[in-house]
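Only one structure is covered here, and it is reproduced in the block below.
Computed over heavy atoms, backbone and side chain alike; hydrogens, waters and symmetry mates excluded.
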Amino acid sequence: KSEVDHMIAAGAFNRRSCGRLYEEFFGLDAEARAIRDASGMIERTLGRVLEAIGEAGQDVKSFGSVLADFSGKVDGDVASGQGLRSALETILAETRKMEVRSGELERRFSDTTDEIVELRRNLDEMRLAATTDALTGIANRKHFDIQLKEYTDDCARNGEPLSLLMMDVDFFKKFNDEYGHQIGDMVLRLVARTIAECVRGRDFVARYGGEEFVVLLPRTGLEGAFAVAENIRNTVASKRLARKSTGESLGMVTLSFGVAQFKPGETLEDFVTRADTGLYKAKKRGRNRVESAEPTATEVRRVGVRS
């Protein structure tokens, strides 16, 4: 807020400054720091491994020299029992040293392996955190962008349909203004959980931003997408919110939907824009409904079988 106020006062609040604010406060800085920390740990671990390998190589070289010296003595003048005994004692002593060094090397490699396992776990947690919306527990916008590219590539490659649902909580500001942001957060979690329960298989659910959610529906045409959207809409509308502490009814939650089917060759931006246009149409036509940007949207049957 302080940064925004300062920018407004300076007349520098624009698209570019908004982008900088996002990167600084909500963007990839934390992720970048985590990656740098992980890289540093990898570098240190590999350094210790290389050091241990170098020491092991020196130990083997030294032991080899002792063996070569022993061999020379046996082939030469160590015919006497005393000389042979002395050489054997030397070999046994060096062998014991080699055993100790090997044990130490094994322990060091074991410790390194544990560190690598821990590092992998940390990286997995970091990857999950980077692609998950902290409030709702579903995928975030970044994860959606990645999956959108992957799903549209699959669609272009295999020729199967792909549809996108874009939905928005109707009158969400009312929940925040009348009941507080905690209730608003509860509404978002309820919606996210309900959407996730209404989809299947490879269907992909994400929080797009604010009170907006998206669902990618592979192998699903426009008619099937309308059916999924109507199912989600009706299921969410059937929920009744109540304040836990008092039992006070907080009313119902409704969603407006925009639906689009991917057209091979169109850009990802155009695909999302068409779904967003459908959402805008649903809002304009009274909310709590499903619409598409396509001219024939009103002619599409609202109930259908998904392919």
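- Put simply, the side chain of V215 does not reach to within 4.5 Å of the side chain of V228, judged on heavy atoms.
- Listed for the R240 side chain is a donor-acceptor partner under 3.5 Å among the backbone atoms of A237.
- Listed by first and then second residue, the ring-ring contact (aromatic ring centres under 6.0 Å, His included) pairs that reach into residues 135-160 are H143-F204, F144-Y208, sequence neighbours excluded.
- Comment: R289 does not engage E230 in a salt bridge, judged by the lack of any side-chain N to carboxylate O separation of less than 4.0 angstrom.
- Here the side chains of M167 and V236 are not in contact, with every heavy-atom distance at 4.5 Å or above.
- For A192, the side-chain contact (heavy atoms from CB on, under 4.5 Å) criterion is met by T136, I138, F213, not counting sequence neighbours.
- T254 OG1 to D168 CG: the interatomic distance, rounded to the nearest 0.5 Å, is 9.5 Å.
- F171 and L279 sit in two unconnected hydrophobic clusters of ILVMFWY residues. Membership requires side-chain heavy atoms under 4.5 Å apart, directly or through other members.
- Taking CZ of R233 as the start and CG of L255 as the end, the distance is 9.0 Å to the nearest 0.5 Å.
- Among D145, D133, L135, the one residue that satisfies the side chain to side chain contact (heavy atoms under 4.5 Å, CB included) test with N140 is D133.
- Within the structure, side chain to side chain donor-acceptor pair (under 3.5 Å) pairs that include any residue of residues 154-167 comprise D154-R157, E160-R219 (at least two apart or interchain).
- Using a cutoff of 4.0 Å between basic side-chain nitrogens and carboxylate oxygens, K1 and D5 are scored as salt-bridged.
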* To do: Evaluate side chain to side chain contact (heavy atoms under 4.5 Å, CB included) for V272 paired with L164, printing each intermediate quantity in order.
  => CA-CA 8 Å; V272 174; L164 170 64; 4.1 Å; yes

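- Between the side chain of Q261 and the main chain of L222, a donor-acceptor pair closer than 3.5 Å is present.
- Hydrophobic cluster membership is shared by I232 and V290, with clusters built from Ile, Leu, Val, Met, Phe, Trp and Tyr side chains linked at under 4.5 angstrom.
- Across every non-hydrogen atom of V205 and A196, the tightest pair is CG2-CA, 4.3 Å.
- To the nearest 0.5 angstrom, L241 atom CG is 10.0 Å from M252 atom CE.
- With hydrogens and angles disregarded, a donor-acceptor distance shorter than 3.5 Å links the side chain of D170 to the backbone of N288.
- Separating the OG1 atom in T131 from the CZ atom in R141 is a distance of 15.0 Å, to the nearest 0.5 Å.
- Considering OG of S256 and CE of M166, their distance stands at 13.0 Å, rounded to 0.5 Å.
- T220 contributes a side-chain N or O that, together with a main-chain N or O of P218, makes up a donor-acceptor pair within less than 3.5 Å.
- Inter-residue side-chain proximity for V169 and V253 is flagged as met; some heavy-atom pair is nearer than 4.5 Å.
- Two different hydrophobic clusters hold L162 and I195 under the rule that ILVMFWY side chains link at heavy-atom gaps under 4.5 Å.
- Criterion: ILVMFWY side-chain heavy atoms under 4.5 Å apart, direct or through other members. Under it, V214 and L217 are not part of a common hydrophobic cluster.
- Under the side-chain contact (heavy atoms from CB on, under 4.5 Å) criterion, L268 pairs with L148, K149, T152, sequence neighbours left out.
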* Take L216 and R202 through the side chain to side chain contact (heavy atoms under 4.5 Å, CB included) test and state the conclusion after the steps. => CA-CA 8 Å; L216 285 167; R202 289 193 67 213; over 6 Å; no

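- Look at E291 and R285 and you find a salt bridge, because one of the NZ, NE, NH1 or NH2 atoms lies within 4.0 Å of a carboxylate O, short of that distance.
- Scanning both residues, S292 and K281, for their nearest heavy atoms gives O-NZ, 2.8 Å.
- Using modelled atom types and a 3.5 Å distance limit, the side chains of D270 and T273 yield no donor-acceptor pair.
- Judged as a ring-ring contact (aromatic ring centres under 6.0 Å, His included), the pairs with a partner in residues 228-287 (not counting sequence neighbours) are, in order, F262-F271.
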Validation: residues 174-190 side-chain donor-acceptor distances under 3.5 Å, sequence neighbours left out:
unit_1	atom_1	unit_2	atom_2	d
D177	OD2	K173	NZ	2.5

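- With hydrogens and angles disregarded, no donor-acceptor distance shorter than 3.5 Å links the side chain of R193 to the backbone of G137.
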